[in-house]
Amino acid sequence: MEILSRADLLAPVRAMLTSFSERSGFDEIETGHLALAVDEALANVIRHGYDSRPDGRIWISTYLIEEPERRIRIEIEDEGRQTDPDQIVSRDLADVRPGGLGVHLMRNVTDTCEFERRMPGGMRLVLEKTIRREEDHPSDQNHAGTPENGSQ
Amino acid sequence: MSSGNEMEIQVENRDDAVLVTPIGEVDLARSPVLRSRLKEILSASPARLVVDLSQVPYMDSSGVATLVEALQQSRARDCSLFLVGLQDRVRSVFEIARLDTVFTITSDTTSALDT
């Protein structure tokens, strides 16, 4: 799907993704985490890639992959400002201040979060999240999304 | 019912405390509305600010940043800030950001107002 770089379009994208995720077998918490990751990714494109301009174009592709593990793959592409992928890192969380949490959240709730420059311009992000089997978390009542209980 | 960038935010004054209840999802489109409202309330330097999130089913990092900003402003004004009623999905975001121990989080407004 293609959307414009408008913050008011984030909610309908979340709704679409939530439906796709639930029908693919993710539970409520995993679905919430996937929607959060995509939301943060799109917010970054809007704010940093397009400097909050509302007319930038963003493409979102969603795939359900069965092998070797059942997982959802989401690719987000834009034509905005390019950034060195190596510079897109989580910040020190001990420094309590507003902002800068998006990348940390994205990396924490997905199994794959890879940025790359897109040719001829813009950025491309690949997010992947594996659907956890029931035996992986039979008694997991606190899905905080930490690395320990993330999907592997 | 709120839609688009609009957001319903209920505000109730109780003695020296202010109870703020945002209703709906808080994302990049709506967090500026919440930020503006909280800033306005804190400018009056209440002794206590209680933010009831029981009617917020979703919050992204812009919403969290808004509350971190409010926390900093409240500390500067010697105001106690409480978050109450976090739904699981919202609490999860605070835990991943390791902010669940930075904020004073309680389960209901009564305990936050009476603490």
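Values below: all heavy atoms of this structure, side chains included; hydrogens, waters and symmetry mates excluded. A note on names: the letters A, B, ... follow the listed sequences, proteins ahead of strands, and every chain is numbered from 1.
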>> What verdict does the side-chain contact (heavy atoms from CB on, under 4.5 Å) test give for A:H33 and B:I96, after you've listed the backbone C-alpha separation in whole Å, the side-chain angles of each residue and the deciding distance to 0.1 Å?
In response: CA-CA 11 Å; A:H33 283 171; B:I96 296 168; 4.0 Å; yes
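- Annotation: maximal heavy-atom pairing with chain A below 4.5 Å, among B:R91, B:M59, B:E69, occurs at B:E69.
- Of the atoms belonging to B:F94, not a single heavy atom falls under 4.5 Å from chain A.
- Interface residues of residues 115-124 of chain A toward chain B, defined by a heavy-atom distance below 4.5 Å: none.
- Contacts between A:R14 and chain B at a heavy-atom distance below 4.5 Å involve the side chain alone, from C-beta outward.
- Once rounded to the nearest 0.5 Å, the distance linking CZ of A:R97 with CG of B:L71 reads 15.0 Å.
- A single hydrophobic cluster is seen to contain both A:I3 and A:Y50, as judged by linkage of ILVMFWY side chains at heavy-atom distances under 4.5 Å, directly or through other members.
- Nearest heavy-atom pair, B:S61 versus A:L105, reported as atom, atom and distance to 0.1 Å: CB-CD1, 3.7 Å.
- Rounding to the nearest 0.5 Å gives a distance of 9.0 Å between CG of A:D8 and CG of B:D27.
- In this structure, chain B has a heavy atom under 4.5 Å from the side chain of A:I46, while its backbone stays farther away.
- Put simply, B:L42 and B:V102 are part of the same group of oily side chains (I, L, V, M, F, W, Y) that touch within less than 4.5 Å, one to the next.
- In terms of heavy atoms, B:Q72 sits closest to A:V96 at NE2-O, 3.2 Å.
- Smallest separation of non-hydrogen atoms from B:V68 and A:P98: CG1-N, 3.5 Å.
- A chain of hydrophobic side-chain contacts below 4.5 Å, direct or via other Ile, Leu, Val, Met, Phe, Trp or Tyr residues, connects B:L81 to B:V11.
- Residue A:D84 places its CG atom among more than 12 non-hydrogen atoms of other residues, nucleotides or ligands, all under 6.0 Å distant.
- At a threshold of 4.5 Å between side-chain heavy atoms, the hydrophobic network of Ile, Leu, Val, Met, Phe, Trp and Tyr places A:W59 and A:L127 in two separate groups.
- Around CG of A:D51, the count of heavy atoms belonging to other residues, nucleotides or ligands within 6.0 Å exceeds 12.
- No other option in A:L101, A:L42, A:L93 has as many heavy-atom pairs under 4.5 Å with chain B as A:L93.
- The neighbour count for B:D78 CG, taken as heavy atoms of other residues, nucleotides or ligands under 6.0 Å away, does not exceed 12.
- Interatomic distance, B:D60 CG to A:D39 CG, rounded to the nearest 0.5 Å: 5.0 Å.
- Contact residues of residues 15-25 of chain A toward chain B are absent (heavy-atom distance under 4.5 Å).
- A:Y63 and A:V126 sit in two unconnected hydrophobic clusters of ILVMFWY residues. Membership requires side-chain heavy atoms under 4.5 Å apart, directly or through other members.
- Taking CZ of B:R98 as the reference point, atom CG of A:D92 lies at 9.0 Å (rounded to 0.5 Å).
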